[in-house]
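Scroll down for the structure; my scribbles are underneath it.
Just so it is clear, the structure is predicted and the values come from calculations on it, not from any experiment.
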Amino acid sequence: MTQNQSTGTALITGASSGIGAVYAERLARRGHDLVLVARNTGKLESLAGTLAKSTGRRVEVLSADLSNTGEVKRVAEFLQSRRDISLLVNNAGVGAGSPLLEADIDAMESMIALNTTAVTRLAYAAARAFVARGSGTIINIASIVAVAPELLNGVYGASKAYVLALSQSMRHELESKNVKVQVVLPGAIATDFWRASGVPIEVLPSEMVMSSADLVDAALAGLDLGEFVTVPSLPEAADWDRLENARQALRPNLSRNVPAPRYQVAGSGTSTGVSH
């Protein structure tokens, strides 16, 4: 590939720093032109200038606050209108470290809007656009708290479990339509996330904390390997496969016409009458 050839355009949210900024640099070096999305226009423009100069790629800036529904819709419309966009990195998000009962409920509601609603709208826009174009890739950044919500704030864990579930459903729906979906589950990453969440990263054992660069390199290696779920810290991919196989094994018995025997009233053969 010559420096002027492009492998398509990647739109990256939360691109002004941390994980998103590393994705931008790595994808540019892989030959992608970029659209960088975040609130901080100054940081975006500085990063865009640096990457354009160092990689020769075309780098655009799209300033948007993705906690605002109108701004999310604007980015979604942009994504759908640009036929050159072939990759979405759905990275923007915030976290919380305090227990649920000590958290600010208004802040939790804002977190839900960014971590789930914005992710959904952009994934939806990308999926429709990529199906129409015949190909594309969607990378959703979740977290290990999607499967271990007890580790941090429960609403944060629930929002990332949503991202995992959304990605599972999207993969099922899109895999026959030449649209690839990957969901990445980072552990503790050395970014501003911890300062913003109120938990100093210094309180964590150093052996738990990965750099943004190592995370993104691992995630892209997972993408190249064809992984759907990438957990960069997990030594054995077979461990995740066992979890997924156990989940799939539940499916035949998740919806039946009678309750399980343990829910029947002793001696009567009738159920407790509880339903959802």
Main-chain N/O of [Y] paired to [X] side chain as donor or acceptor, under 3.5 Å:
| X | Y | result |
| --- | --- | --- |
| T7 | G31 | yes |
| S46 | G42 | no |
| K43 | A38 | no |
| N91 | I141 | no |
| S169 | L166 | no |
| D33 | R58 | yes |
| T230 | P232 | no |
| N140 | V89 | no |
| S143 | A146 | no |
| T9 | I85 | no |

Trace of the side-chain contact (heavy atoms from CB on, under 4.5 Å) decision for L47 with E25: CA-CA 9 Å; L47 178 62; E25 190 270 339; 6.0 Å; no

Other residues, nucleotides, ligands: >12 heavy atoms within 6.0 Å of Y124 OH: no

Rounded at 0.5 Å granularity, tell me how far [atom1] in [X] sits from [atom2] in [Y].
| X | Y | atom1 | atom2 | value |
| --- | --- | --- | --- | --- |
| L185 | I144 | CG | CD1 | 8.0 Å |
| Q182 | L225 | CD | CG | 9.5 Å |
| Y23 | R30 | OH | CZ | 9.5 Å |
| L114 | N68 | CG | CG | 11.0 Å |
| N40 | D65 | CG | CG | 11.5 Å |
| D239 | D241 | CG | CG | 8.5 Å |

For [X] and [Y], which heavy atoms make the closest approach, and how far apart are they?
| X | Y | value |
| --- | --- | --- |
| V179 | F130 | CG2-CB, 3.7 Å |
| V75 | A64 | CG2-CB, 3.6 Å |
| L44 | A15 | CD2-C, 4.1 Å |
| I189 | S211 | CG2-C, 4.0 Å |

From L27, V37, V35, residue fulfilling side-chain contact (heavy atoms from CB on, under 4.5 Å) relative to I12: L27

From N90, L88, L87, residue fulfilling side-chain contact (heavy atoms from CB on, under 4.5 Å) relative to I139: L87

Working for side-chain hydrogen bond (donor to acceptor under 3.5 Å, both in side chains), residues T120 and Y162: CA-CA 10 Å; T120 303; Y162 175 92; 2.7 Å; yes

Charged N-O contact under 4.0 Å between E71 and R74: yes

Sidechain N-carboxylate O distance under 4.0 Å for E77, K73: no

Exercise: do Q248 and R251 side chains pair donor with acceptor under 3.5 Å: yes

